[in-house]
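Right, one structure below, let's go through it.
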Amino acid sequence: MLLIAFIFIFSYFEYILNSSTVKTDDSLSLLISFLFSMFFGLVFYILLRVSKKPKVNRITTNIFFIVVPFIYYVQFLIYRSFKIFYDVNTVTNGAGGALTEFMGDIMRLILNFYGISRLVLFYLPTIFYFIYLKKRVDENRLTKNEFISTGVIAVIAYALALIITYVSPIHRSMYSYEYSFQNVVENMGFGTGLRLDIKNIIMGNSGGDTSFDLSYADSENDTEDIGIDKDSYYYVEFPKSRPIPTPTPEPENDVSETDEVIEEEIIEEVPVEYGYNSLDIDFEALAETQSGINKDLDLYVASLTPSKKNAYTGMFEGKNLIFISAEAFSCDVVDEERTPTLYRLINKGIQFPDFIQPAMAGTTGGEYSNIFGLLPTAGGKSMGTMTEQKIFLNMGQALNRLGYYGKAYHNNTDTIYKRNITHNKLGYSDGFMGKGSGMEEFLTTRGFPASDCEMMQGTFPTYVDKQPFNIYYMSVSGHGQYGRSINQMSYKNYDRVADLPYSDQVKCYIANNMELEDALTYLVDSLEKAGIADDTVIVMSPDHFPYGLDNDASLGNMPYLSELYGYNVETYLQRDHNRLIIWSGCIEKMEEPIIVDSPTSSLDILPTLLNLFGIEFDSRLLPGRDVFSDAEAISFDSAYDWKTDLGTYIAKRGEFIPVNDEIVIPEGYVSRIKTVVRNKYNFCKGVLNNKYYNHIYDAIYGDS
């Protein structure tokens, strides 16, 4: 009886978790999940009957029926709150502090019909076991024949699951060389995702395989190299040497009233030749001094072509920088009348109409991408792991080397995600301030979330006279859950959005973002009053999409997010769309707007800023691109979905969607970009897991 229960128990847990979250309907995925679940159940059945002492077997079985449903229920709550499954690193590194801080939100997720009903469903096998099975099962050790027969069935189930997985190209890739915890949990079950995650951690390779396919050029737009006739299909290419727009000229007086005709000298324009954003490092020679993954990383970097400097190189040299990671910000709250400052910064600065911020590991994952230009491949552990090595490419370190005053701020508890440790290592000369280390002095409004406006009003006067300055803000006013009775920003600003044609939930979310609008209004006004708006650059990127809008939601079933966006959200790339802000007063004076209409993501922010500020760097050491360079535009996320000028690829469906029906996709194009994306993702993993920047730092600056 207990054997039969264990054959199906993990399938039951997987079904409840999946049907309560992502609602996978692919029959092949469900079959693979069932077979792996059968294997897990039989393995646990053997392990729980391995002792010669019946009492020990009884105790371990009791623990199993208490702990395993709890683990599944926690993942259900995590997905319900963050719309993503959390891997081991994220749960154990930093998320604990966040879960404690937001315990009130968590209790609201539990103490309702849906939360309680799922708790009961996950614990139904436990109830059945303790009431009915416990006194009826044999708790003695398995006999030799029972052990062999159970083991054989387990091996058969596992073998069948592997065979089906490797026969299916989509499942084979996500299980092995394109491993993604999120994709595996969705399509093969949480148990399989957890097993692979633990295996990778033990092997010191969080995130799976870290190898490189060098059969394709990764860095440049190599359409000509692969035999593409640009006239034969729809081709989009960002200008290689687009001139910097100039300020609108003042009207000129007539120079002369003479009737003399002056013959204009015709000068042939010579194309400007720009150098490369690269450092004097021989990566092939460097690889000879290494072994293992660092050697592979060196050879991979050596295979890339650096991107070129351009007309925008050094455009912001010497200017101040204020960088904001905006909590749960969505560009869909922006309105010319309701949020004039956000509208101004988005439309009067450098414009990024096709920008995504991949959601991965919550707020700390978004911060990591914004700061380091890498995907957080070790989940919530990424920030801590990265700041343990010799980081030198982020803006905090880069501008600190140029003598900038630097400070990082956050208007929430400074120990969440261990920011009190990690953010003091980002290179800002005056360190980090959060609640608990000085920020509380500026925050007069009590409750959660705190005011972004109060944070900027309190901090701006402390650095305005310390030019050139480099300031980092992690905001919090946009944080969910949203509602007038549970969120002080929703309550404070609700009257300003009450007449909007949205549901109350969406109106409360917009009300939260009105506080960010007020903060930016204060900031821009203060810069202009100080006479330094033209000499200051404001950069703002979200940390993730507003996952707090929908509690019980998955792709295709996010009613409030879809209401905000104006379309049904069915893919990660649709969900994560947003706008990047790069604004300076000097840009507003330009005659023509600067529009980057190619796909961009948070990985492109760092290389773009390094180029704009004229900082020497090697573009091959970052997976993103300077958006003004000749590098090929590719936005991608942790699910291996990607977008280029030619179309969008959805990995879990193995489907490429061209930008329009008229486009002719070159032969081998999708395979090439898939390889490029996989290489870039593996580079993110390799840098983080192997302290690769230590190796590069020593090569640049010497072993110090």
* Donor-acceptor under 3.5 Å (T313 side chain, K309 main chain) -> no
* Apply salt bridge (charged side-chain N to carboxylate O under 4.0 Å, His left out) to K319 and D535, showing your working. => CA-CA 5 Å; K319 293 187 184 296; D535 297 317; 3.7 Å; yes
* Point-to-point distance, once rounded to the nearest 0.5 Å, from CE of M315 to OG of S584 -> 7.5 Å
* To do: Give me the one residue out of I324, I581, I350, L609 that meets side-chain contact (heavy atoms from CB on, under 4.5 Å) with V539.
  => L609
* Asked: Looking only at side chains, do Y473 and T459 share a donor and an acceptor under 3.5 Å apart?
  -> yes
* Parallel under 30°, tilted from 30 to 60°, perpendicular over 60°: which one fits the rings of Y547 and H544? -> parallel
* Asked: Is the number of heavy atoms from other residues, nucleotides or ligands within 6.0 Å of OH (Y560) greater than 12?
  -> no
* For K507, which residues count as a side-chain hydrogen bond (donor to acceptor under 3.5 Å, both in side chains) partner, sequence neighbours excluded? -> none
* Asked: Hey, does the side chain of N347 reach the backbone of Y343 with a donor-acceptor pair shorter than 3.5 angstrom?
  -> yes
* Are any side-chain N or O atoms of S477 and backbone N or O atoms of A450, one a donor and one an acceptor, separated by less than 3.5 Å? -> yes
* Any side-chain heavy-atom pair from I582 and L580 closer than 4.5 angstrom? -> yes
* **side-chain contact (heavy atoms from CB on, under 4.5 Å) assessment of R579 paired with Q351** => CA-CA 8 Å; R579 293 292 285 265; Q351 299 179 40; 4.1 Å; yes
* Testing V627, D604, I346 for side-chain contact (heavy atoms from CB on, under 4.5 Å) with F352, which one passes? -> V627
* To do: Please answer whether the main-chain N or O of E186 pairs with a side-chain N or O of T24 as donor and acceptor at a distance below 3.5 Å.
  => yes
* To do: Could you tell me whether K308 and D626 make a salt bridge, using a distance below 4.0 angstrom between a side-chain N and a carboxylate O?
  => no
* Structure fact -> Residues P449 and Q488: closest non-hydrogen pair is O-NE2, 2.6 Å
* **Between S503 and E563, a side-chain donor and acceptor under 3.5 Å** => yes
* Donor-acceptor side-chain pairing of N611 and N277 below 3.5 angstrom -> yes
* Structure fact -> So OG1 of T648 and CZ of F656: to nearest 0.5 Å the spacing works out to 7.0 Å
* D452 side chain to V476 main-chain N or O, any donor-acceptor pair under 3.5 Å? -> yes
* **Ring centers of Y86, F82 separated by less than 6.0 Å** => yes
* Asked: What's the shortest heavy-atom distance between G478 and Y509, and which atoms?
  -> O-CE1, 4.4 Å
* To do: Please examine the side chains of Y368 and L688, heavy atoms only from C-beta on, and report whether any two atoms are closer than 4.5 Å.
  => yes
* **Of S602, S330, S635, the residue whose pairing with Q357 passes side chain to side chain donor-acceptor pair (under 3.5 Å)** => S602
* Asked: What residue pairs, at least two apart or across chains, pass side chain to side chain donor-acceptor pair (under 3.5 Å) with a residue in residues 523-533?
  -> R344-E528
* In chain order, what residues pass the side chain to side chain contact (heavy atoms under 4.5 Å, CB included) check against R496, with sequence neighbours excluded? -> N493, M514, D518
* Structure fact -> Heavy atoms of S598 and R625 approach each other most closely as OG-NH2, 2.8 Å
* To do: State plainly whether the residues R338 and E517 are in salt-bridge range, i.e. N to O under 4.0 Å.
  => no
* **Flag, side chain of T339 to backbone of L342, donor-acceptor distance under 3.5 Å** => no
* Polar contact flag, side-chain donor to acceptor under 3.5 angstrom, E570-N568 -> yes
* CG-OG distance between L573 and S601, expressed to the nearest 0.5 angstrom -> 10.0 Å
* Polar contact flag, side-chain donor to acceptor under 3.5 angstrom, N370-S541 -> yes
* Closest contact, heavy atoms only, K435 versus N411 -> CD-O, 3.6 Å
* Compare every heavy atom of Y312 with every heavy atom of L612, then report the nearest pair and how far apart it is. => CD2-O, 3.6 Å
* Around Y491, counting heavy atoms of other residues, nucleotides and ligands shown, do more than 12 lie under 6.0 Å from its OH? -> no
* Please work out whether the ring planes of Y522 and F460 are parallel, tilted or perpendicular, with thresholds of 30° and 60°. => perpendicular
* To do: Flag this pair as yes if the NZ/CZ of R484 is under 6.0 angstrom from the six-membered ring centre of Y494 and inside a 45 degree cone about the axis; otherwise no.
  => yes
* **Side-chain donor-acceptor contact under 3.5 Å, T90 with D87** => yes
* Given Y681, which of Y640, W642, F636 fulfils the ring-ring contact (aromatic ring centres under 6.0 Å, His included) condition? -> Y640
* **salt bridge (charged side-chain N to carboxylate O under 4.0 Å, His left out) partner of K643, the single match among D576, D354, D637** => D354
* When you check the side-chain N and O atoms of E327 and T363, is any donor under 3.5 Å from an acceptor? -> yes
* **From CA spacing to verdict: side chain to side chain donor-acceptor pair (under 3.5 Å), N512, S490** => CA-CA 5 Å; N512 279 56; S490 298; 2.5 Å; yes
* To do: Walk me through it: do Y565 and H577 pass the test ring pair (Phe, Tyr, Trp, His ring centres under 6.0 Å)?
  => CA-CA 9 Å; Y565 286 4; H577 94 278; 4.4 Å; yes
* Please name the pair of heavy atoms, one in Y649 and one in G654, separated by the smallest distance, quoted to 0.1 Å. => OH-CA, 3.5 Å
* To do: Could you check Y79 against S554 for side chain to side chain donor-acceptor pair (under 3.5 Å), going step by step and ending with a plain yes or no?
  => CA-CA 9 Å; Y79 191 91; S554 58; 5.1 Å; no
* Between CZ of F469 and CG of N320, what distance do you get to the nearest 0.5 Å? -> 3.5 Å
